[in-house]
Amino acid sequence: MPGPAVSYEDVAVAHERIKRYIVRTPVLSSAALDAETGASVFFKCENLQNMGAFKARGAFNALLQLQDRSRGVIAFSSGNHAQAVALAGKTLGIRTTIVMPADAPRVKLEGTRSHGAEIVTYQPGENREEIAKKLLAEEGGTLIPPFNHPHIIAGQGTAAKELFEETGPLDYLLVPVGGGGLISGCALAAKHFAPACRVIGVEPAAGNDVTLSFQQKKIVKIDVPDTIADGARTQAPGDVTFPLILQNVDEMLTVPDDALLAAMFRLWERLRVVVEPTGALGAAALFERKLSASARRVGVLLSGGNVDLRWAASRL
């Protein structure tokens, strides 16, 4: 397994590179949630990022470093990375082709298409990476993976860099985990700004591939998980993200889908912002008291807000 391929310096350089293309998203607090949790909680609202998720950071960082833009890029994603690559491609004048599941949330399919990407859908049981590699062989271009790439990881870490610049040191940082790109980058920033901060990753209980891998100190692959957290339906961490997780992440937690849904609506009510299920993973762990946060300063990454509101209304 290769060693860690990204440093905090890469995150800092990425921030300078992408800052004209992204939103410095707000950090929100709620007196009610502080009272309910007993902590001072700082929510980094990446649900208010361009295209509605932190993924814009990594996508712009990767596409801005392309050696040859003329042949376009290919990506595979359940939704947010798809939209991010499509937006970055549109902004930078780069052709984009995105491989997406046919049952991806409507809002994510429509968002990706609105940025001019060509969408290739696949059915359950089909291998999205193999489809992307076939397209790459047929059409050429550059593959932009959703998490397992140094440029993606460095870009995602800028979210935590901004959070710590605004809040100062934190005792805990709670980060949603899919393939590990976000937490890999954010943990680098956390350890730079607050070495004593405990970085905690949170997965859906049904999609605990990174948790199992973390516990066993080796990459564990699971079946495609059935969870409402569509951004965390990964089967295994990557060979770039996993060493960074082992080196810089202190703990992994999981939450069931019912707790995740409750946390999502609680955030809607208390913060007055729309957060998607995957984006609420960190908050769900806090609300479910999976950690002892009393009298602590806690940072929570709200990673995205691209939820189908009709679906959400049906779950009330």
Test your reading of the model: is there a side-chain donor-acceptor pair from [X] to the backbone of [Y], 3.5 Å cut-off?
X      : Y      : result
Glu203 : Val210 : yes
Glu166 : Leu163 : no
Lys161 : Gln156 : no
Asp209 : Ala236 : yes
Asn80  : Phe54  : no
Asp171 : Arg297 : yes
Lys44  : Thr25  : yes
Asn208 : Thr211 : no
Ser30  : Leu33  : yes
Gln65  : Asn61  : yes

Closest approach of [X] and [Y], non-hydrogen atoms and distance?
X      : Y      : result
Leu244 : Val240 : CD1-O, 3.6 Å
Met264 : Ala312 : CE-CB, 4.2 Å
Ala132 : Phe76  : CB-CD2, 3.7 Å
Ala263 : Ala280 : CB-O, 4.3 Å
Asn47  : Gly304 : CB-C, 3.4 Å
Leu253 : Ala285 : CD1-CB, 4.2 Å

Val307 and Val274: side-chain contact (heavy atoms from CB on, under 4.5 Å), yes or no, with the steps?
-> CA-CA 8 Å; Val307 60; Val274 175; 3.5 Å; yes

When you compare the side chain of [Y] with that of [X], does any pair of heavy atoms fall below 4.5 Å?
X      : Y      : value
His151 : Ile144 : no
Pro237 : Ile219 : yes
Ile18  : Leu64  : yes
Pro26  : Leu48  : yes
Val273 : Phe43  : no
Trp311 : Pro277 : yes
Gln235 : Val224 : yes
Lys55  : Gln83  : no

Just by distance, with hydrogens left out, do [X] and [Y] show a side-chain donor and acceptor under 3.5 Å apart?
X      : Y      : answer
Gln123 : Glu126 : no
Lys218 : Ser213 : no
Ser40  : Asp34  : no

Nearest-0.5 Å distance, [atom1] of residue [X] to [atom2] of residue [Y]:
X      : Y      : atom1 : atom2 : answer
Ser292 : Arg198 : OG    : CZ    : 10.0 Å
Phe147 : His81  : CZ    : NE2   : 10.0 Å
Ile74  : Leu135 : CD1   : CG    : 5.0 Å
Leu109 : Asp308 : CG    : CG    : 10.5 Å
Asn50  : Ile22  : CG    : CD1   : 8.0 Å
Leu63  : Leu66  : CG    : CG    : 4.5 Å

Between Glu36 and Arg270, is there a side-chain N and carboxylate O pair less than 4.0 Å apart?
-> yes

Salt bridge or not for Asp226 and Arg233, using N-O below 4.0 Å?
-> no

Residues Asp230, Lys108; criterion salt bridge (Lys or Arg N to Asp or Glu O under 4.0 Å); working and verdict = CA-CA 11 Å; Asp230 62 281; Lys108 295 183 179 181; 2.6 Å; yes

Acceptor/donor pairs from residues 89-105 side chains to any protein atom, 3.5 angstrom cut, sequence neighbours excluded:
residue : atom : partner : partner atom : Å
Thr91   : OG1  : Leu87   : O            : 2.9
Arg95   : NH2  : Arg71   : O            : 2.7

Val199 vs Asn248, side-chain contact (heavy atoms from CB on, under 4.5 Å): CA-CA, chis, key distance, verdict | CA-CA 7 Å; Val199 179; Asn248 299 306; over 6 Å; no

So does Asp68 have more than 12 non-hydrogen atoms from other groups sitting under 6.0 Å from CG?
-> yes

Ignoring hydrogens and angles, write down the donor-acceptor pairs under 3.5 Å from the side chains of residues 173-191, residues two or more places apart or on other chains.
residue : atom : partner : partner atom : Å
Ser184  : OG   : Gly180  : O            : 2.6
Ser184  : OG   : Thr241  : O            : 3.3
Lys191  : NZ   : Cys197  : O            : 2.7
Lys191  : NZ   : Asp250  : OD2          : 2.8

Identified side-chain hydrogen bond (donor to acceptor under 3.5 Å, both in side chains) counterpart of His15 within the set Arg57, Glu165, Glu162 | Glu162

Contacts satisfying ring-ring contact (aromatic ring centres under 6.0 Å, His included) that involve residues 255-275 (not counting sequence neighbours) are Phe265-Trp268

same_hphob_cluster([X], [Y]) at 4.5 Å side-chain heavy-atom cutoff:
X      : Y      : value
Leu281 : Leu291 : yes
Ile131 : Val73  : no
Leu301 : Val255 : no
Ile152 : Tyr21  : yes
Ile153 : Phe164 : yes

Is the ring centre of Tyr8 less than 6.0 Å from the ring centre of Phe193?
-> yes

Step by step, work out the side-chain contact (heavy atoms from CB on, under 4.5 Å) result for Arg310 and Arg106.
-> CA-CA 10 Å; Arg310 295 171 190 165; Arg106 177 184 56 85; 3.6 Å; yes

Could you check Leu302 against Val300 for side-chain contact (heavy atoms from CB on, under 4.5 Å), going step by step and ending with a plain yes or no?
-> CA-CA 6 Å; Leu302 301 181; Val300 179; 4.1 Å; yes

Arg266 to Phe287 six-membered ring, cation-pi geometry met (6.0 Å, 45°) = yes

